[in-house]
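Please read the structure below before turning to the comments.
Note that the structure is predicted; figures quoted are calculated from it, not measured. We name chains A, B, ... by the order of the sequence lines, and we start the count at 1 in each one.
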Amino acid sequence: MEVLLHDVDVLVPRDLDEALRVLAERRGIKVLAGGTDLLVQMRSGAVQKSDLLDVSGLWELKYVRHEDETIAIGALTTFSEIASSEVIRRHAPVLAEAAETVGSVQIMNKGTIGGNVVNASPAADSLPALYVHDAELKLASLKGTRTVGITEFYRGYKRLDMRPDELLVEVRLRAEKGGEVGHFFKHGLRQGDAISVVNGAVLLDLEGDLVRGAAIALGAVAPTVVRAHEAERALKGRRLREDVMWEAARAVLRSISPIDDVRGSAAYRRELSVNYVFMTLWRIAREVGVL
Amino acid sequence: MVHRIEREFSFVLNGKPVKVRAPPAYSLLEVLRYELRMTGTKEGCARGDCGECTVLIDGEPVHACLTAMTQVEGRRVTTIEGIDPGHPLVRAFVESGAVQCGHCTPGLIVASYALLSRNPRPTEEEVRDAIRGNLCRCTGYAKVVAAVLRAAGA
């Protein structure tokens, strides 16, 4: 049964300052960015109907900047803008790959990185890329601005380190260093436009075939996106050879706790996780010419 | 008690300025079909999966079902009614047999129109990528892709 939104008011702030004032004064109001998830959830009844603060027109929160070793992305930057940004393609290609697979062209044109982060779906496609890039989130309120690391931000399933009067204004990530190479992967039930059954990102710091550093994150296999620390440890300081890759891929099982749901069973997700991590490591090894 | 909140929205629809009163959280799809009686834009899933309600906002394809009316204010909206029936793309859909039941056709034409506007000579892969969010359950896409390529003069 569809919930009608005829009695939902939508406030449109003129600027960021006004948006923060509304958030401070009107408890219970929800922030609307691209609307690709919130409007669907509200109409289906999955999210309680409430008034909305439509921030999608705040152009000051749409930007990609390269600041020294950091990439700063305005929270309202769309996935189309991220996928086509030269700065992101060059310095955070794992995120560019994730942005390209987040959904259809129509979804990429509306969905924002800030919305993806705050909506907090464990299957959100930008998140594994943000985890391997050690992203930090800049939250603003009338009381000031604070920065939270992405792993600290998610406290549990859809539980965030974020007050109701705060707005996510910027996502900051470490630019890829020389020697680093990585990829995003996604298993959806439909290639063009799907919610991930399993997704993830692998970022290796290589010197020849020696793994100096490894970051692996997986989504849709736990209440939040997780870093696969056991798998990372299985790689660090070792040569990128097939047996090492298998050992690391199997080690991801120690970091995940998938469930059965409409998109796939827990057993299927475990198998996908191992195989996709292996395939991604193998792809990287082939690309850098060590396999 | 049911109460209805309404606001007035002004935007440019297919080149003409329009004003419409509607609840601000209503979608552009609901307002096009039920307030403005512009029924060319179809409702399929109403949740961003099927692409049937694709319209252009400032030239970019988006789902009308996921666009709140506040996100339309002051913008340029193009629907299937804004594309000339004699446009080579429309003619190519007819001539290639790219239409069967027709429900997905407006969304497919609008999405392809956006592609050809910025890339007049797309490859087959680029065509398939541009319409990857548009579901068709009749044609199997082969004739749709052929139609877009034909309109592009390929």
Side-chain angles (χ1 to χ4, degrees), chain A residues 2-13 29-44 46-47 49-59 76 78-81 83-84 100-112 115 188-195, chain B residues 1-7 9 22-31 34 43 45-75 107 110-112 114-115 118 126-136 141:
Chain A
E2 185 173 303
V3 177
L4 295 174
L5 305 184
H6 56 275
D7 54 351
V8 168
D9 202 359
V10 186
L11 279 67
V12 181
I29 200 165
K30 286 192 178 75
V31 175
L32 175 71
T36 58
D37 215 84
L38 182 57
L39 289 176
V40 174
Q41 293 196 13
M42 222 175 245
R43 289 198 295 244
S44 75
V47 164
K49 187 155 81 165
S50 71
D51 287 346
L52 298 169
L53 178 67
D54 176 5
V55 296
S56 63
L58 294 180
W59 305 109
L76 293 173
T78 65
F79 286 110
S80 291
E81 290 159 344
S84 60
E100 271 166 15
T101 60
V102 81
S104 59
V105 175
Q106 292 91 326
I107 292 289
M108 285 174 66
N109 282 339
K110 287 209 88 210
T112 65
L189 298 180
R190 167 185 169 204
Q191 217 175 356
D193 183 26
I195 296 173
Chain B
M1 194 200 84
V2 178
H3 84 279
R4 182 178 162 106
I5 298 172
E6 280 193 357
R7 303 224 184 291
F9 296 97
Y26 267 26
S27 70
L28 174 60
L29 179 63
E30 290 166 296
V31 171
Y34 305 123
E43 175 170 335
C45 66
R47 44 178 289 171
D49 284 330
C50 74
E52 281 195 8
C53 67
T54 301
V55 298
L56 307 183
I57 295 188
D58 294 340
E60 299 293 337
V62 296
H63 295 108
C65 73
L66 299 181
T67 303
M69 282 310 293
T70 49
Q71 301 179 327
V72 179
E73 175 68 25
R75 314 286 289 271
V110 172
S112 312
L115 169 70
R118 67 168 186 277
E126 287 168 333
V127 172
R128 288 186 181 274
D129 191 55
I131 60 170
R132 69 185 199 264
N134 294 72
L135 294 181
C136 170
Y141 306 103

> Side chain of B:Glu6, backbone of A:His6: donor and acceptor closer than 3.5 Å?
Replying inline: no

>> Counting C-beta onward and ignoring hydrogens, is there a side-chain heavy-atom pair between B:Thr54 and A:Val105 closer than 4.5 Å?
In response: no

> Can you say whether B:Ala68 sits under 4.5 Å from chain A via the side chain, the backbone, both, or neither, judging by heavy atoms?
Replying inline: both

> Using non-hydrogen atoms only, which part of A:Val12 is less than 4.5 Å away from chain B: side chain, backbone, both, or neither?
Replying inline: side chain

>> I'd like to know if the side chain of B:Arg47 reaches the main chain of A:Ser44, judged simply by a donor and an acceptor atom lying under 3.5 Å from each other, with no hydrogens or angles considered.
In response: no

> What's the spacing between B:Arg4 CZ and A:Leu4 CG if we round to 0.5 Å?
Replying inline: 9.5 Å

> Do B:Arg132 and A:Asp193 come close enough that some side-chain heavy atom pair is under 4.5 Å?
Replying inline: no

> Checking heavy atoms, do the side chain of B:Arg7, its backbone, both or neither come under 4.5 Å from chain A?
Replying inline: side chain

>> Does any part of the side chain of A:Arg190, heavy atoms only, come nearer than 4.5 Å to the side chain of B:Leu135, both counted from C-beta?
In response: yes

>> Once rounded to the nearest 0.5 Å, what's the spacing between atom CD of B:Gln71 and atom CG of A:Leu39?
In response: 7.0 Å

> With a 4.5 Å limit on heavy-atom distance, are the side chains of A:Val8 and B:Pro24 in contact?
Replying inline: no

> How many angstroms lie between OG in A:Ser104 and CG in B:Asp49, if you round to the nearest 0.5 Å?
Replying inline: 8.5 Å

> Between B:Ala114, B:Cys65, B:Gly51, B:Ala111, which shows the greatest number of heavy-atom pairs under 4.5 Å with chain A?
Replying inline: B:Cys65

> Measuring heavy-atom distances to chain B, does A:Met108 have an atom under 4.5 Å in its side chain, in its backbone, in both, or in neither?
Replying inline: side chain

>> Are A:Asn109 and B:Pro61 packed together at the side-chain level, in the sense that at least one heavy-atom pair is separated by less than 4.5 angstrom?
In response: yes

>> Using every non-hydrogen atom in the two residues, find where A:Asp54 and B:Thr70 come nearest and quote the distance to one decimal.
In response: OD2-OG1, 2.6 Å

> Among A:Val10, A:Asp9, A:Leu5, which residue meets the side-chain contact (heavy atoms from CB on, under 4.5 Å) test with B:Ile5?
Replying inline: A:Asp9

>> Counting heavy-atom pairs under 4.5 Å with chain A, which one of B:Glu30, B:His63, B:Arg128 comes out on top?
In response: B:His63

>> Looking at every non-hydrogen atom in both residues, tell me the closest pair between B:Leu66 and A:Lys110 and how far apart they are.
In response: O-NZ, 2.7 Å

>> I want to check something: taking the side chain as every heavy atom from C-beta on, are A:Arg43 and B:Ser27 in contact at a cut-off of under 4.5 Å?
In response: yes

